[in-house]
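Numbers restart at 1 for each chain; the letters A, B, ... are given by sequence-line order, proteins then strands. Since we're looking at a predicted model, the values are computed, not measured.
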Number of protein chains: 2
Amino acid sequence: MSDITSLLDIRKMRILQAIVDDYIMTAAPVGSRTVSKRSDMGLSPATIRNEMSDLTELGFLEQPHTSAGRIPSEKAYRLYVNHMMDQAKLTDDEAEYIKHHLDTRVHEVGEVIRQTAKVLSDMTNYTSMVLVPQLSGMKVKRISLIPVSEGSAMAVVVTNTGVTKNSMISIPESLTPEDIEKISKLITEKLDGHRLTEAIESVLPAIRAEVGEQADAVCEMLEDIERSMSETDVEVVGASNILDYPEYSDAQKARSFLAEIETGSYLQQVLKDSSDVEMSVRIGTDNDSPDLKDCSVITVTYKAGGKNIGSMGVVGPTRMDYGKVMAVLKYLSNSLSDILSKLLK
Amino acid sequence: MSDITSLLDIRKMRILQAIVDDYIMTAAPVGSRTVSKRSDMGLSPATIRNEMSDLTELGFLEQPHTSAGRIPSEKAYRLYVNHMMDQAKLTDDEAEYIKHHLDTRVHEVGEVIRQTAKVLSDMTNYTSMVLVPQLSGMKVKRISLIPVSEGSAMAVVVTNTGVTKNSMISIPESLTPEDIEKISKLITEKLDGHRLTEAIESVLPAIRAEVGEQADAVCEMLEDIERSMSETDVEVVGASNILDYPEYSDAQKARSFLAEIETGSYLQQVLKDSSDVEMSVRIGTDNDSPDLKDCSVITVTYKAGGKNIGSMGVVGPTRMDYGKVMAVLKYLSNSLSDILSKLLK
DNA sequence: GTTAGCACTCAAGGGCGGAGAGTGCTAACA
DNA sequence: TGTTAGCACTCTCCGCCCTTGAGTGCTAAC
């Protein structure tokens, strides 16, 4: 990116910023008079109009119809987010609110994640989503197999950070509960300290040697475990918040937004894709999903023990309060990272 | 209930039924001419008007304004559901659809529940909810404790029917992983075949005797397990369907409906409360939640091995297609019961 | 370069009238 | 005595017109 002042002079920037700020608050097209009246502007409406005309030509503003004010284009939001947003800081009350509601006495990761999603949605009044910590990349401490019925067992994977995940797997009917217990011990012993993803190839020979004829079955089980452990869960809260915004007062539009949220697959993909960039912002058509073409999605990552282990984000109308959302996300990312770092030892 | 023909003669019944049927399809007030035109009616609009006037006086019909048709009151819906609904039967296509989408090859209870909820919502186009099988009342086959970090462990309860549930519990820091394993074996041995709910008092003395000084800690752990096992989970699908109905085109109304669904606590309560009646119907203000006062909730139970183990239901506008919904619910209840009975051996 | 002034555009909202759906009453009919 | 035709009446809905007001773009003057 070249220096943006070569693209837009300072005055245009200030005017554009004023328009975006105003539009974010009111959702109504902004006129030249409104901008001119801002105490720090000191220019007549006529001058503003000339500048607005230029900004429209440059693609930063759009006009719903001739005699309406202007609304920001996606291009304007991108510029706004990157170069001219007031990076809001949380008020003391807000910080206090987070501290108070992220109950650090809770000892279960899932519960902490749910609380985080709730707080995120409540504070922003948009839809929030939090990816539960990902096992991939963590080291396995223990894998327990619990016989449930003939043909099925529950696999519980515990990582060295204390993150757990469990799933039902099918097992060969030939295996007795005792066999399962033996295998459970064996694979824990062999896999201990390895990453689950890399474990199978590297550890299989050893296991194969020890379990003899049932090696194939065990091998399949391990693959089954790996497969189910790489599935991601995401906690989504506050989908109905979208109905608070006039952009979505049309039932049909709200319907397709909510349906997209409910399936969750796109959002899940976004969170996964963004799980290595500290903060990502997708504006409008940046989103592949047509149902979210009037939405923005902002995500941040969170860590435990200095390593990224998950991400969370907010979905709202493109006209969202970027400054506030980003501030809340940053703060929450730190809080959650702290809590998890302690919680997961 | 006394014989209803003493309350309403046959003709009034037929007219009321015609009105309810029509209103369910169109959501528009029904006039005398519309009713009269039905091929099986054979009465002039004027006659119908007289009867409608009576029905209004009796509280079965309401009039939005003088020159509009009539709409059914809650009282009418109750009568309709109890005495005059055409108990719809599923078409072959519909039965086929269910068979096809309830994939019996799936071996995990949770997955089956999710599929059921999806099918239920897709077929009715209302919001569906399915309670996951309840452990209470089942007999414990196995309780495994898996050490996760110092101070916490995962408890996995497996019942004799193969239903599982797991949760994190905190454990006294004094216990080593070996202790935990020992205790895990011990409680499985002692609790095996008992109901979890009744197990603790009856089994505690034996356990107390064997674990010696750590008895109190173990006791607390067991209570913790019991507490978390009695928590219920419910799968909700298709909340956004409500936006397809003109009654909820008002964003504010849709908002409060969706918020109520999202918290889920009321619906969960309804499902729990109804988990011993084969089919229950709550119409309008039967629902305690003010946000659901224009909704009806219909639930059925499902079984495994001849015993009720859970329930599911549908939430929609009071003007819902009761016949269809009840038919789908009945059919699905049987299907799910069959699948679970096989699945849980 | 900035601004005042002015003609022009367009959406939103209020008022009005007709159309249409539906009712309730009355009187006639079987 | 129950049923029906007829009719006056009531309301909502919809389209129409007009006004209002916000906002623009252009021009000419500062």
**Item:** N or O in side chain of A:R33 less than 4.0 angstrom from C:dT3 OP1/OP2
**Value:** no

**Prompt:** Can you give one letter per nucleotide of nucleotides 10-18 of chain C, going 5' to 3': B for a protein heavy atom under 4.0 Å from the base, S for sugar-phosphate only, - for none?
**Reply:** BS-------

Mind listing the side-chain donor-acceptor pairs of residues 320-327 of chain A below 3.5 Å, one per line with the distance, residues two or more places apart or on another chain?
residue : atom : partner : partner atom : Å
A:D321  : OD1  : A:K324  : N            : 3.2
A:Y322  : OH   : A:S296  : OG           : 2.7
A:Y322  : OH   : A:T318  : O            : 2.5
A:K324  : NZ   : A:E94   : OE2          : 3.3
A:K324  : NZ   : A:M123  : O            : 3.2

**Prompt:** Can you list the residues that meet the ring pair (Phe, Tyr, Trp, His ring centres under 6.0 Å) rule with A:Y245, with sequence neighbours excluded?
**Reply:** A:Y126

**Message:** Check A:K253 with A:E247, please: is the shortest side-chain N to carboxylate O separation under 4.0 Å?
**Reply:** no

**Message:** I'd like to know if B:R78 pairs up with B:D286 as an ion pair, taking the criterion as any Lys NZ or Arg NE/NH1/NH2 lying under 4.0 Å from an Asp or Glu carboxylate oxygen.
**Reply:** yes

**Message:** Using a 3.5 Å limit on both distances, find every run of at least three consecutive Watson-Crick or G-U pairs that involves DNA chain D.
**Reply:** C:1-30 with D:1-30

Taking distance alone, no hydrogens or angles, what donor-acceptor pairs closer than 3.5 Å link side-chain atoms of residues 30-37 of chain B to residues at least two apart or in another chain?
residue : atom : partner : partner atom : Å
B:S32   : OG   : B:R49   : NH1          : 3.3
B:S36   : OG   : B:L43   : O            : 2.8

**Check: A:T299/A:S311 side-chain N/O donor and acceptor closer than 3.5 Å** = no

**Message:** Is it the case that the side chains of A:E62 and A:S73 hold a donor-acceptor pair, with the cut-off being a distance below 3.5 Å and no angle test?
**Reply:** no

**Request:** Could you list by number each residue of residues 42-55 of chain B showing a heavy-atom separation from DNA chain D of less than 4.0 Å, or answer none if no residue does?
**Result:** B:L43, B:S44, B:A46, B:T47, B:R49, B:N50

**Prompt:** Would you say A:R70 reaches D:dA22's phosphate, i.e. side-chain N/O to OP1/OP2 under 4.0 Å?
**Reply:** no

